[in-house]
2 protein chains.
Amino acid sequence: MLKKTHRVSLVEQVSSQMEDLIESGHWAIGNRLPPEMELMKTFDVSRNTLREAIQALVHAGLLETKQGSGTIVKSKSALEAVLHRQVEKSNILKILEVRLALEREAAQLAAKRRNEKDIKDMNHFIGMCRLAAQEGDLELFLKADIQFHQMMVKAAHNQMLFDLYSHITDPLISSIRNIMILDKNFDYENEIHTDLFEAIKQKSEHHAIRYVNNYINEFREKITLIQED
Amino acid sequence: MLKKTHRVSLVEQVSSQMEDLIESGHWAIGNRLPPEMELMKTFDVSRNTLREAIQALVHAGLLETKQGSGTIVKSKSALEAVLHRQVEKSNILKILEVRLALEREAAQLAAKRRNEKDIKDMNHFIGMCRLAAQEGDLELFLKADIQFHQMMVKAAHNQMLFDLYSHITDPLISSIRNIMILDKNFDYENEIHTDLFEAIKQKSEHHAIRYVNNYINEFREKITLIQED
DNA sequence: GGTCATTTGTTCGTATGTATA
DNA sequence: GTATACATACGAACAAATGAC
């Protein structure tokens, strides 16, 4: 008899429905939402209620409204939006430290849990790295390198680790690019993580950790050198 | 001529002001906000505008409204709220993995950056651990142990690392307690991280990492043993 | 148990600013 | 420049839940 669901406010009902539409990709990032008049009919609520729901998602970072233009989808999840803001107001080097922390753990877990599909995916991006290295295409190399790391974290089979890593990495990409470009001694061959890949493939946690530790320390030195400029 | 920054909506202005009041502790967690009529006068906006601002913070997880009763502060920051939700819908063991990832990085950074106050704080909780061990007080021991780890992460001097660690640890405490209680071979002396503390005190990154790796592996074994029950 | 003031929930109406065609 | 569509903001009214007396 007592319906607890009835005690959820209309605004909450509408905003969580909209959140689902965004998270499911039905309203994709960059797309414009239908006008308010239409949404009022869709959700069967008044203008103010609808607006409160929209504003809630705007504040959460999922939507962005522009007066006279419309409402567009800006971000896919609350976690992504929150971390994006957090990254923006923090020191880039400190964020990189967090990213490396997650990466190190991921390498160990990946060596333990990777399946055949993980190996295939990682191998694909290693190949792209090699191709980019041969052609000296830095942009392509960075793109493939980042996706390789992404796949490695995915191979750790820990959703939260993957979410945190992804949402921290995205807003860092331009910074990583700058670090790489400013590196005078940039050596493509040395940057291809073939050994790390092999260690994970052979399920050798020990070698994976050792390799990722070396890689991280090199990266740290690179950062501090650039910071001193 | 026209300042583009001036085009921040009233709702945004009000909600960010309220967010500041919450984050600064002026509106503490659990406290009730002044009624809408009062807040309307405080911020000098209409009811609809105020309510949109409140709903935004409700959706972000900072506030909770109850019809007929009032609005209370539920969480201190958006990051805390979103991580809390994330932790709730995830596997506890997977969350522990993320926590350990952050802890490992923190140990290394703490050995590099700790100052005298950090040492003092950590020493205080190490002392509490010893006291609790002597008296066989498991509750006190866990409390002190968690605070010791918290201080170690703080000594890493990376705000985002600390925030992530804290907000992940809080909802995990009861789980950690259960793990410890279920451990038949629980040995107080062995659980006091004196060696880790000494390594950080001596600024020996190498020893700090080695110790924390051992500690983490032991903790992992403990978890898998219990999981098999 | 009931009444009543308080507080939030929901809706409607109106006016004005702003971007796009 | 005008018309249109949309966003912003305010005010007023009633409904529903809560808590105190």
Side-chain angles (χ1 to χ4, degrees), chain A residues 1-19 21-22 27 30-75, chain B residues 1-19 21-22 26-75 81:
Chain A
M1 202 64 190
L2 288 172
K3 289 187 67 176
K4 200 82 184 270
T5 48
H6 188 267
R7 297 197 36 184
V8 178
S9 77
L10 261 182
V11 174
E12 271 302 307
Q13 289 179 42
V14 173
S15 64
S16 64
Q17 277 183 60
M18 293 176 71
E19 202 171 352
L21 285 171
I22 294 169
W27 286 345
N31 283 165
R32 236 183 58 192
L33 264 57
E36 288 187 353
M37 264 318 213
E38 217 165 302
L39 292 175
M40 283 167 63
K41 280 181 276 186
T42 305
F43 296 109
D44 194 30
V45 291
S46 77
R47 181 114 184 273
N48 277 333
T49 304
L50 176 70
R51 280 181 56 74
E52 284 188 16
I54 290 177
Q55 279 304 129
L57 297 186
V58 167
H59 188 270
L62 299 187
L63 296 178
E64 193 174 41
T65 56
K66 269 198 285 240
Q67 197 171 320
S69 169
T71 305
I72 62 166
V73 181
K74 201 181 166 191
S75 191
Chain B
M1 205 72 90
L2 287 174
K3 292 188 57 173
K4 202 120 189 195
T5 49
H6 189 267
R7 284 303 313 158
V8 178
S9 76
L10 262 183
V11 174
E12 272 302 309
Q13 290 178 42
V14 173
S15 64
S16 64
Q17 277 183 59
M18 292 177 71
E19 204 171 350
L21 285 171
I22 294 169
H26 189 266
W27 285 344
I29 292 180
N31 283 165
R32 234 183 62 190
L33 264 57
E36 290 181 352
M37 284 300 178
E38 217 167 301
L39 293 175
M40 283 167 64
K41 281 181 274 185
T42 305
F43 295 110
D44 194 31
V45 292
S46 74
R47 183 143 181 251
N48 279 329
T49 304
L50 175 72
R51 281 181 56 74
E52 282 188 21
I54 291 176
Q55 281 306 323
L57 297 185
V58 167
H59 189 270
L62 298 187
L63 296 177
E64 194 173 40
T65 58
K66 266 196 291 230
Q67 190 176 183
S69 170
T71 305
I72 62 167
V73 181
K74 203 181 163 192
S75 192

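Below, chains carry the letters A, B, ... as their sequence lines are ordered, and counting in each starts from 1. Below, each value reflects all heavy atoms present in this structure, side chains not excepted, and no hydrogens, waters or symmetry copies.
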task: Could you go through the side chain to side chain donor-acceptor pair (under 3.5 Å) check for A/H59 and B/E52 one step at a time?
output: CA-CA 10 Å; A/H59 188 270; B/E52 282 188 21; over 6 Å; no

- prompt: Want to know the stems of DNA chain D: at least 3 consecutive Watson-Crick or G-U pairs with distances under 3.5 Å, which are they?
  reply: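 In DNA chain D, stems of three or more pairs: C:2-21 with D:2-21.
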
Whole angstrom value for the distance that separates [atom2] of [N] from [atom1] of [X]:
X	N	atom1	atom2	answer
B/Q67	D/dA17	CD	P	6 Å
B/Q13	D/dC10	CD	P	10 Å
A/I72	C/dT20	CD1	P	12 Å
B/E64	C/dG9	CD	C1'	15 Å
B/K66	C/dT10	NZ	P	16 Å
B/E36	C/dA5	CD	P	20 Å
B/I54	C/dT8	CD1	C1'	9 Å

query: Can you tell which of D/dT8, C/dT8, C/dT7 lies closest to the side chain of B/R32?
result: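 Of the options given, the side chain of B/R32 lies nearest C/dT7.
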
query: What are the residues of residues 37-53 of chain B, sorted by number, that bring a heavy atom to within less than 4.0 Å of DNA chain D?
result: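 Hits under 4.0 Å, by residue number: B/V45, B/S46, B/R47, B/N48, B/T49.
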
Can you check whether [X] reaches [Y] side chain to side chain, under 4.5 Å on heavy atoms?
X	Y	value
A/L50	A/V14	yes
B/I72	B/L33	no
B/E64	B/T71	no
A/L63	A/K74	no

message: If the cut-off is 4.0 Å, is B/T71 near the phosphate of C/dT7, judged by side-chain N/O to OP1 or OP2?
response: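 No, because none of the side-chain N or O atoms of B/T71 sits under 4.0 Å from OP1 or OP2 of C/dT7.
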
Any donor-acceptor N/O pair, B/T49 side chain to B/V45 backbone, under 3.5 Å: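 Not at all, since once roles are kept as given, no pair shorter than 3.5 Å links the two residues.
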
For the student: nearest non-hydrogen atoms of A/I54 and A/L39, plus distance: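 Scanning both residues, the minimum pair turns out to be CD1-CD1, 4.4 Å.
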
- prompt: Shortest non-hydrogen contact from A/Q55 to B/V11?
  reply: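 Shortest heavy-atom separation between A/Q55 and B/V11 comes out as NE2-CG1, 3.7 Å.
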
message: Tell me which one of A/Q13, A/E12, A/M18 satisfies side chain to side chain contact (heavy atoms under 4.5 Å, CB included) with A/S15.
response: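 One option only clears the test, and that one is A/E12.
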
